[in-house]
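For reference, the structure is listed below as structure tokens.
So that the names make sense, note that chain A is the first sequence line, chain B the second, and so on, each numbered from 1.
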Amino acid sequence: MLGVSLACKITNISHNLLSLLDKCKSILELKQLHAVVISCGLSQDDPFISKILCFSALSNSGDINYSYRVFSQLSSPTIFSWNTIIRGYSNSKNPIQSLSIFLKMLRLGVAPDYLTYPFLVKASARLLNQETGVSVHAHIIKTGHESDRFIQNSLIHMYAACGNSMWAQKVFDSIQQKNVVSWNSMLDGYAKCGEMVMAQKAFESMSEKDVRSWSSLIDGYVKAGEYSEAMAIFEKMQSAGPKANEVTMVSVSCACAHMGALEKGRMIYKYIVDNGLPLTLVLQTSLVDMYAKCGAIEEALLIFRRVSKSQTDVLIWNAVIGGLATHGLVEESLKLFKEMQIVGICPDEVTYLCLLAACAHGGLVKEAWFFFESLSKCGMTPTSEHYACMVDVLARAEIVGRKLIELEPNHDGRYIGLSNMYAVDKRWDDARSMREAMERRGVKKSPGFSFVEISGVLHRFIAHDKTHPDSEETYFMLNFVVYQMKLSCHEDNQERSLNDTSMEDDLLLF
DNA sequence: ATTGATGAAC
């Protein structure tokens, strides 16, 4: 009688513990439940350990290192446990650990199964390491798993991520029954490899297109710099496709950022709000950057200020600090850097680039040196971009402009930079001689497009371009303005001969 | 228990 009731109690405790483990929310809670499992002597029972492993390895609030410690206590882990730990690492910051556990498995003579391989392939993809990917692929073939569609789909992704669209396509072609994931992986693969003609072709061949198909295509065009095309597809998606989600909006807001299309960008934001799309940190970062690049720094700050600081990361701080810097809001930029440190976000190389850009804008030589030196002190190695920024700071103080041209005699920006610097200092002869030296050495100034958005329509201009329908009128107005400017220069009786040519240079960029 | 889309500076 007593035995039966005790058995009942134990069953009850086990049952309660399992359901508590299912409802677990934080790693702290998990550790407490783990302690109960151990003190009840249940730590060798598979269902408990499996749940503990799953939460710590796979949950967002888990802890892969804790998971590994639990795993390494197991005398003979089940294939489920092996797969869980490999899967956890494949999503972690150290996907390489998946592969080393795989090797351990092989050494111990434990056979991976059809679920092990997708995680291993994903780990290789995240490492952008085709060599390990190929090794895993070889094991897949050796163990007879090459016809598993999940595995094939993950292989397409891996090869494409490594830049090998040819092999991705080989796997794709070998799939008997392609599903939407196969098609999306191939489409995205082409897009990632910059093969937009192929991506477009794949998109058109698909019988079933979901939100990921559209998003991949749009993002491909954005990454290829074909922003208008990306926007056109987004519009088509709204009329004839699935509902866009927050991932789609990241790509289209990125397109607006590059085009400087503020009105379209505002419409994107309205779309997000109207459709109740989740404002993820990634999307907020993209919006901050978009508003900043479109010249609407106030709106960028508005988005940024609404993000709770505990949820921020280094990328969004970089976006806002960089945005302020390019707007010449140097003090604000440096102030936000301090705020970032108070919040406890560690600056990275990009942060320092933004800070140096701010210093260049504000002519803050001393501060720039300080940032440049703290970069190394924080264990980072300054890249050529940091040196370039530093050079920019010092060049504005006329220290190293000429040195730079010696080092990079074929870089147009170096000449233009020094020439502009001289111009600021009103040393017109020196400035002119820089431009002449550039021409003499046959260094071409790379052409820059200008985009202007008027009532939602984007207009593109390039130097001496007459293809715009209103070109004649535009040039007429331009010449009129130039004439007026020259006239007023004359009236001021100032020596502006060089300014005249540089002005023409800039204005003829139309 | 599995696969596929997204953010910052040059």
- Query: If you measure from OG1 on T326(A) to CD1 on I297(A), what distance do you get to the nearest 0.5 Å?
  - Reply: 6.5 Å

- Query: Between dA5(B) atom P and M249(A) atom CE, what is the distance in whole Å?
  - Reply: 20 Å

- Task: Determine whether the side chains of S213(A) and D210(A) contain a donor N or O and an acceptor N or O closer than 3.5 Å.
- Result: yes

- Item | Near-strand residues of residues 152-161 of chain A, defined as heavy-atom separation under 4.0 angstrom from DNA chain B | N153(A), H157(A)

- Centres of the Y66(A) and F71(A) rings: under 6.0 Å? no

- Between the CD1 atom in I218(A) and the NZ atom in K236(A), the distance rounded to the nearest 0.5 Å is 10.5 Å

- Report which part of the nucleic acid K51(A) touches: base, sugar-phosphate, or nothing (heavy-atom distance under 4.0 Å, all strands). nothing

- Message: Checking W317(A) against T312(A): is there a side-chain donor and acceptor pair closer than 3.5 Å?
- Response: yes

- Under 4.0 Å: is that the gap between some side-chain N or O of K192(A) and OP1 or OP2 of dT6(B)? yes

- Message: For the residue pair T143(A) / Y117(A), report whether a side-chain donor-acceptor contact shorter than 3.5 Å exists.
- Response: yes

- Within residues 303-319 of chain A, find the residues that approach DNA chain B with a heavy atom at under 4.0 Å, and present them sorted by residue number. D313(A), L315(A), N318(A)

- Item | Any residue of residues 130-147 of chain A with a heavy atom less than 4.0 Å from an atom of DNA chain B | none

- Message: Whether K178(A) contacts dT3(B) is assessed here as follows: a side-chain N or O lying under 4.0 Å from the phosphate OP1 or OP2. Is that the case?
- Response: no

- Just how far is it from atom CG of N153(A) to atom CG of N179(A), taken to the nearest 0.5 Å? 5.0 Å

- Using a cut-off of 4.0 Å on non-hydrogen atoms, how would the nucleic acid contact of D188(A) be classed: base, sugar-phosphate, or nothing? sugar-phosphate

- Can you check whether F150(A) stacks with the dT3(B) base, using ring centres under 5.5 Å and planes within 30°? no

- Message: Need one value for S185(A): base, sugar-phosphate or nothing, where a base atom within 4.0 Å counts as base even if backbone is also close, heavy atoms only.
- Response: sugar-phosphate

- Regarding K192(A) and the six-membered ring of Y159(A), is the cationic atom NZ or CZ under 6.0 Å from the ring centre and inside 45° of its axis? no

- Message: Under 4.0 Å, heavy atoms only, any strand: does N179(A) hit a base, just the sugar-phosphate, or nothing?
- Response: nothing

- Query: Contact class for Y352(A) vs. all strands (heavy atom < 4.0 Å): base, sugar-phosphate, or nothing?
  - Reply: nothing

